[in-house]
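Below is one structure, written out as structure tokens, with a few remarks after it.
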Amino acid sequence: MRRPSRRVEFFAGTLSNPHEFDDARIFDTTLRDGEQSPRTSFSYEDKREIAAVLDEMGTHVIEAGFPVNSDAEFEAVRDIAEHTDTTVCGLARVVDKDIEAAIDSGVEMVHVFVSTSDVQLEDSMHASREEAVERAVASVERVKEAGVECMFSPMDATRTEESFLVEIVEAVSEADVDWINIPDTCGVATPTRFANVVRTVDAATDARVDVHTHDDFGLASANALAGYEAGAAQAQVSVNGIGERAGNAAYEEVVMAAESLYNVDTGIDTTRITELSALVEERSGIDTPGNKPVVGDNAFSHESGIHAAGVIENSDTFEPGVMTPEMVGAERELVLGKHTGQHSVRERLADAGYEPTDEQVRAVTRRVKDRGADDKRVTMETLERFAEEVGVQRSGEEVTLR
């Protein structure tokens with residue numbers, strides 16, 4: 001069996017009947033948009049290693065990079081395309097040299113993009129709407145002529161006038177584009193508004209719809225899920241949410257929300273998510289916050305006495321229930337500090353082989369709380385010292401009567 005049961009049933013309640021969508025493909029852009037994080041650069045070997053894990057996990061598409069960017073980038077993309085089983089994608093502007101480089105790299109999909117919002121057309125591309133449409137159509141036609149799957153992105157779609165967005169989508173659809181990606185390039189969409197954009201685009205094309213969301217307001221993952229709900233077949237994500245500015249929708253958040261909250265089998269081996277996150281953290285040099293959903297050090301950690309006591313009895317009391325640490329390859333931790341209660345101390349002592357009395361548990365707990373209140377870390381070594389100080393016996397030790 002490849003992995004444990006995907007989910008635990010919700011208790012009877014307001015969230016008990018997930019049914020919003022039935023399928024969720026995952027397009028990973030860690031090696032492309034993720035690498036565009038300020039002060040981040042992946043080496044050739046970094047890209048190979050990350051791509052290998054993404055491939056083994058069952059990720060549907062890996063955007064390996066921007067082949068025209070440099071000879072090293074081209075070689076890395078080509079190498080990944082040759083040595084992975086999943087679909088590998090290369091990015092290209094609507095420029096001939098970009099498209100030829102992407103095709104020559106041997107990728108199975110070429111992702112072409114052009115700005116469509118007036119602010120980007122006028123002040124970044126210095127092009128008219130008509131020129132944008134012409135370049136987009138010509139680029140899609142060239143990719144299709146090469147026999148390669150084609151994705152088209154109207155960059156800054158969420159700040160593009162709706163009538164023009166529909167116009168360019170319809171134009172590339174007539175050129176037989178395979179995928180339309182809807183980018184929330186500057187992270188300004190809200191879930192309801194983004195869902196409306198997805199529905200509008202979906203109605204204007206026979207191509208499959210993909211979404212790419214940014215996290216400037218902390219809504220990237222929510223918007224990606226809203227995209228699925230509105231009919232998108234695929235979402236672009238990056239591991240740990242890394243990417244331009246505040247980053248992208250996080251791989252781990254979108255995958256686990258789809259699996260656990262929507263009851264959708266993505267096909268991803270979720271038990272390797274924590275491993276993947278640690279790898280990208282190390283290679284990118286971007287620290288993962290302790291409170292990061294799914295993969296942060298605190299995601300399955302408990303210090304509060306009430307919470308720890310509940311989790312010891314039944315982990316579903318103060319964890320989602322539908323997502324367990326085992327599902328993502330993590331471990332639950334009872335943290336010792338000033339909020340720690342006796343249940344947690346007793347559990348940790350028992351794990352260390354001690355058999356404390358109730359009075360000894362209270363005594364050790366007082367010491368733990370006092371040390372935590374002094375803003376000092378309470379490690380297992382510290383806990384064992386406290387246990388020895390109050391005379392707690394280890395399992396199998398004989399009690400000497402005096």
Side-chain angles (χ1 to χ4, degrees), residues 4-5 7-15 252-253 256 260-261 270-271 273-275 277-278 281 287-402:
S5 176
R7 69 189 307 270
V8 180
E9 291 301 320
F10 273 113
F11 303 119
T14 56
L15 305 177
E252 60 280 0
E253 294 174 17
M256 291 313 300
S260 296
L261 301 181
T270 65
T271 64
I273 280 179
T274 298
E275 171 195 347
S277 170
E281 179 182 23
D287 292 337
T288 300
N291 65 338
K292 178 75 173 65
V294 184
V295 295
D297 287 343
N298 295 345
F300 300 99
S301 296
H302 306 272
E303 180 179 334
S304 165
I306 294 173
H307 283 226
V311 167
I312 290 169
E313 183 71 23
N314 178 355
S315 61
D316 290 352
T317 54
F318 287 102
E319 287 180 5
V322 289
M323 179 176 68
T324 65
E326 293 79 14
M327 290 171 69
V328 299
E331 294 183 358
R332 183 175 295 107
E333 182 181 6
L334 299 177
V335 178
L336 300 172
K338 77 173 189 177
H339 304 293
T340 297
Q342 294 178 31
H343 288 83
S344 185
V345 169
R346 185 186 297 277
E347 185 82 3
R348 297 297 295 273
L349 288 172
D351 289 343
Y354 288 94
E355 295 182 340
T357 65
D358 290 347
E359 179 55 37
Q360 288 170 336
V361 168
R362 287 192 288 270
V364 172
T365 302
R366 283 194 296 272
R367 284 168 165 76
V368 168
K369 285 178 173 290
D370 289 344
R371 185 174 178 84
D374 288 338
D375 198 26
K376 295 179 180 177
R377 186 181 178 196
V378 182
T379 65
M380 276 305 296
E381 182 180 350
T382 308
L383 184 69
E384 291 186 21
R385 188 177 78 247
F386 291 161
E388 298 297 333
E389 289 173 358
V390 301
V392 183
Q393 298 294 314
R394 287 186 180 273
S395 302
E397 284 186 346
E398 294 184 3
V399 178
T400 303
L401 298 177
R402 294 177 182 268

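Sequence positions, counted from 1, serve as the residue numbers for this chain.
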Nearest heavy-atom neighbours spanning Thr270 and Met327: OG1-O, 2.6 Å

Spatial distance of atom CE (Met256) from atom CD1 (Ile273) [nearest 0.5 Å]: 5.5 Å

Atom pair CE/CG of Met323 and Leu261 - distance to nearest 0.5 Å: 8.0 Å

Min side-chain heavy-atom separation Gln360-Tyr354 under 4.5 Å: no

Atom CD of Glu381: over 12 foreign heavy atoms under 6.0 Å: no

Trace of the side chain to side chain contact (heavy atoms under 4.5 Å, CB included) decision for Thr382 with Arg371: CA-CA 10 Å; Thr382 308; Arg371 185 174 178 84; 3.5 Å; yes

Glu281: partners by side chain to side chain contact (heavy atoms under 4.5 Å, CB included), with sequence neighbours left out: Asn240, Asp287, Thr288

Atom pair OG1 (Thr274) and CZ (Phe300), whose distance is rounded to the nearest 0.5 Å: 7.0 Å

Residues in side chain to side chain contact (heavy atoms under 4.5 Å, CB included) contact with Ala363, at least two apart in sequence or another chain: Arg366, Arg367, Val390

Side chain to side chain contact (heavy atoms under 4.5 Å, CB included) against Thr365, all qualifying residues, sequence neighbours excluded: Gln342, Val345, Val361, Lys369

From Leu349 atom CG to Gln393 atom CD, the distance as rounded to the nearest 0.5 Å: 12.5 Å

Point-to-point distance, once rounded to the nearest 0.5 Å, from OG of Ser277 to NZ of Lys292: 7.0 Å

Closest non-hydrogen atom pair between Arg394 and Ala352, with its separation: NH1-O, 2.8 Å

Salt-bridge present (Glu389, Arg385; N to O < 4.0 Å): yes

